[in-house]
Amino acid sequence: MSNSVHQSTPSPNRKGKQKRIDLIEPQNESSPKRQRVLSSATRIFILADKLTTEEHDALRSLVVDLGGMNANMTFANVILTSMRAPRRIERYLNADVINRHVPVLHTSWLHDSARERLLLAYEPYKIMGGASPELEKQREELGLDVVGSSEHEQTEEKKAIPPPSPPHSDSQTLQEETNDDDSQTEDEDDATFQRALTPFQSTQQEDCEGDPDWKNVDYACMRPSPLKSKQNQALVDELEVLRLQRILAGKQEMNATAYGRAISAIKAYPHSLQPNPSNAKNLKGVGPKIAKLIVQYYEEGRIAEVDAIRKDSAFQTMSRFMQLYGVGPKRAREYYSGGARSMDDVIKMGGSLGVHLHIDECLRILPDLQRTIPRLEVEEISKTIFDELNIIAPGSTYVICGGYRRGKPESNDVDIVISLPRPLQRGEEPDRGIWNVKEQIAVMDKLLKTLKRKAFITHVVNVSTPASVYEMTYSRLELAEVVVMPSRSETIPVPRYRRVDIILGPWETHGAAVLGWTGSRQFERDIRLLAKHKGFTFHSTGLVHQGERAPLSTPQEEDIFEILGLEYMPPRLRNCDA
DNA sequence: GGGCAATCAG
DNA sequence: CGTAT
DNA sequence: GCCC
């Protein structure tokens with residue numbers, strides 16, 4: 001029983017003489033044995049002055065040998081000279097080159113690069129140019145993004161959130177305790193940034209260098225990632241296709257993970273990779289293979305493998321199957337290899353989805369669920385739920401998380417995180433300790449019952465109670481995955497079925513719940529990874545120190561960032577996924 | 001060559 | 001184990 | 001696929 005999807009694919013990708021592309025085994029043998037040092041997008045102009053003709057010719061052929069291109073001054077993105085005095089060099093440059101801040105390097109850069117078989121950083125060789133007039137603009141926009149992100153959670157979150165903790169704040173004690181092998185102090189973190197920054201050799205007219213905001217770090221949770229990349233979003237969308245395909249193909253989950261990380265690295269890179277795409281491999285998470293694809297994309301305007309995947313009917317069909325709740329890559333493959341080609345086929349084959357929803361009901365509401373939800377409707381749905389809850393458990397607060405909180409104009413679902421009020425039992429009961437689990441369950445129960453009775457909740461997809469690793473008695477949430485049908489209103493002229501996640505938890509770990517439910521996916525994975533490396537376990541029920549059982553008190557998101565020694569990242573800059 | 005997030009119910 | 005978040 |  002071969003489960004390899006693409007074997008059943010009737011080779012749709014043999015198009016004329018085009019390079020044959022095997023979806024299962026992408027060609028990796030084709031890489032040249034002699035690695036090119038320069039990208040073909042490196043266009044070099046060598047100032048003739050002061051050089052003998054022989055020297056000049058030698059340099060020009062060296063450029064070609066290394067895989068670069070010789071260009072005239074107008075099209076060059078690097079200029080080489082044997083002179084040292086900027087004032088003198090300027091006389092040989094035209095105004096345009098100066099305006100564009102094309103980097104001017106000493107010729108030894110080329111020789112050294114040839115010797116090292118490696119594209120060396122411009123910086124040590126740079127005589128002039130290389131500054132970026134675009135940088136200022138981008139930084140401003142970034143700043144705007146941060147400042148302008150007035151979260152809607154303020155509407156209901158009564159207690160004003162204190163500003164993000166400054167880098168060096170008082171509660172460092174925890175960190176020092178965990179100062180084992182890989183927990184870093186903040187200073188070490190900074191050092192890491194510096195080290196990470198220098199080897200980035202790109203430069204290329206405007207690039208990283210001199211950009212204090214961009215850090216080539218390896219945790220997505222450490223770098224601001226906007227909703228969409230301003231410069232490379234089209235590339236990101238291409239790579240996302242490859243990621244999906246690796247998931248669907250099976251046996252390549254780790255490749256999919258790698259594409260996810262590469263995508264997040266590109267999302268956070270605030271410059272275009274176009275001028276010098278081969279430099280992409282300097283981004284943490286982008287290795288030789290993906291770098292090659294990026295070069296191909298910017299040189300040819302497309303990635304051949306992506307084109308092939310997009311056309312592949314097996315890929316299309318299985319992608320559609322996966323839209324059904326309860327159908328992941330495995331079942332999609334099973335359906336497909338079982339002969340299913342349409343949703344109707346899937347219904348006929350039946351089988352359990354391991355979900356309370358029946359498959360045909362699932363299919364019936366699917367057209368609605370595929371539609372995105374405008375922000376105003378997200379808010380209205382949330383309010384409906386919260387109003388009801390506030391009757392059951394007065395004094396609660398809520399935050400709309402998920403994509404909404406990250407600033408997406410349209411959401412796929414509604415994630416609402418509710419914090420139950422502090423118990424407050426007449427002088428008794430300190431800050432820590434047991435929260436009333438039974439009450440939590442009861443509250444969720446009542447809430448669901450009421451909303452079902454009012455026909456607001458139409459389907460309960462699943463109810464679960466995520467808890468801390470070791471003991472259920474410590475910190476748990478109630479999670480209800482439901483489908484609602486809001487009533488018609490001004491903001492909802494055409495009501496549709498909408499997926500809603502209701503998360504209900506104690507006040508003490510509210511910050512963890514909010515952080516855990518805000519995403520994005522890659523952001524979550526990396527903050528969990530970081531936590532692990534620092535001796536913690538993090539998930540939406542709380543931040544737990546290794547060896548402990550009870551989670552730390554983290555009523556606010558900021559508490560977690562601070563404990564992890566992580567700079568606060570505003571929700572709108574956590575869009576680390578495609 | 002090991003690790004890649006961490007948890008849930010069916 | 002496969003799936004969902 | 002990528003990183004340490």
Chemist: Show the numbers, then the answer: is there a salt bridge (charged side-chain N to carboxylate O under 4.0 Å, His left out) between A:Glu253 and A:Lys251?
Modeler: CA-CA 6 Å; A:Glu253 295 84 4; A:Lys251 282 309 195 181; over 6 Å; no
Chemist: Of the candidate nucleotides D:dC4, C:dT5, B:dC8, which contains the atom at the shortest distance from the side chain of A:Asp415?
Modeler: C:dT5
Chemist: Quick one: label A:Arg243 by what it contacts on the DNA or RNA (base, sugar-phosphate, nothing), any heavy atom closer than 4.0 Å.
Modeler: nothing
Chemist: Using a 4.0 Å heavy-atom cut-off across all strands, classify A:Asp526 as base, sugar-phosphate, or nothing.
Modeler: nothing
Chemist: Closest approach of A:Ile400 and A:Arg405, non-hydrogen atoms and distance?
Modeler: O-CB, 3.3 Å
Chemist: Among D:dC2, B:dC8, D:dG1, which nucleotide has an atom closest to any side-chain atom of A:Arg246?
Modeler: D:dG1
Chemist: Roughly how many Å is it from CD in A:Gln522 to C1' in B:dA5, rounded to a whole number?
Modeler: 10 Å
Chemist: To the nearest Å, give me how far apart CD (A:Gln546) and P (B:dA6) are.
Modeler: 9 Å
Chemist: Among the nucleotides C:dA4, D:dG1, B:dC4, which one has an atom lying closest to any side-chain atom of A:Leu529?
Modeler: B:dC4
Chemist: From the list D:dC4, C:dT3, C:dT5, which nucleotide is the closest neighbour of the side chain of A:Pro329?
Modeler: C:dT3
Chemist: Under 4.0 Å between a Lys/Arg side-chain N and an Asp/Glu carboxylate O for A:Glu305 and A:Arg246?
Modeler: yes
Chemist: Looking at A:Arg499, I'd like to know whether one of its side-chain N or O atoms comes within less than 4.0 Å of OP1 or OP2 on C:dT5.
Modeler: yes
Chemist: Does the plane of the ring in A:Trp214 sit parallel, tilted or perpendicular to the ring in A:Tyr269? Use 30° and 60° as the thresholds.
Modeler: perpendicular
Chemist: Roughly, in whole Å, what's the span from CZ in A:Phe538 to P in B:dA6?
Modeler: 11 Å
Chemist: Do A:Arg364 and A:Glu361 sit within salt-bridge range, that is, some charged N less than 4.0 Å from a carboxylate O?
Modeler: yes
Chemist: Looking at the side chain of A:Lys330, which of B:dC8, D:dG1, C:dT3 is the nearest nucleotide?
Modeler: C:dT3
Chemist: Heavy-atom contacts under 4.0 Å between residues 256-265 of chain A and DNA chain C, which residues?
Modeler: none
Chemist: Taking only the side-chain heavy atoms of A:Asp501 (C-beta and beyond), determine which of B:dA6, C:dT5, D:dG1 contains the nearest atom.
Modeler: C:dT5
Chemist: Figure out the OH/P separation between A:Tyr219 and D:dC3, and round it to whole Å.
Modeler: 14 Å
Chemist: Inspect the contact between A:Arg528 and A:Asp526 and indicate whether a charged nitrogen and a carboxylate oxygen are less than 4.0 angstrom apart.
Modeler: no
Chemist: Heavy atoms only, 4.0 Å cut-off, all strands: where does A:Ile503 land among base, sugar-phosphate and nothing?
Modeler: nothing
Chemist: Think A:Lys532 has a side-chain N or O under 4.0 angstrom from the OP1 or OP2 of B:dC4?
Modeler: yes
Chemist: Answer yes or no: does a side-chain N or O of A:Arg525 lie under 4.0 Å from OP1 or OP2 of B:dC4?
Modeler: no
Chemist: Between D:dC4, C:dT5, B:dT7, which nucleotide gets closest to the side-chain atoms of A:His539?
Modeler: B:dT7
Chemist: Of the candidate nucleotides B:dC8, C:dT5, B:dC4, which contains the atom at the shortest distance from the side chain of A:Ser464?
Modeler: B:dC8
Chemist: Requiring both pairing distances under 3.5 angstrom, list the stems that contain DNA chain B and are made of three or more consecutive Watson-Crick or G-U pairs.
Modeler: B:1-4 with D:1-4
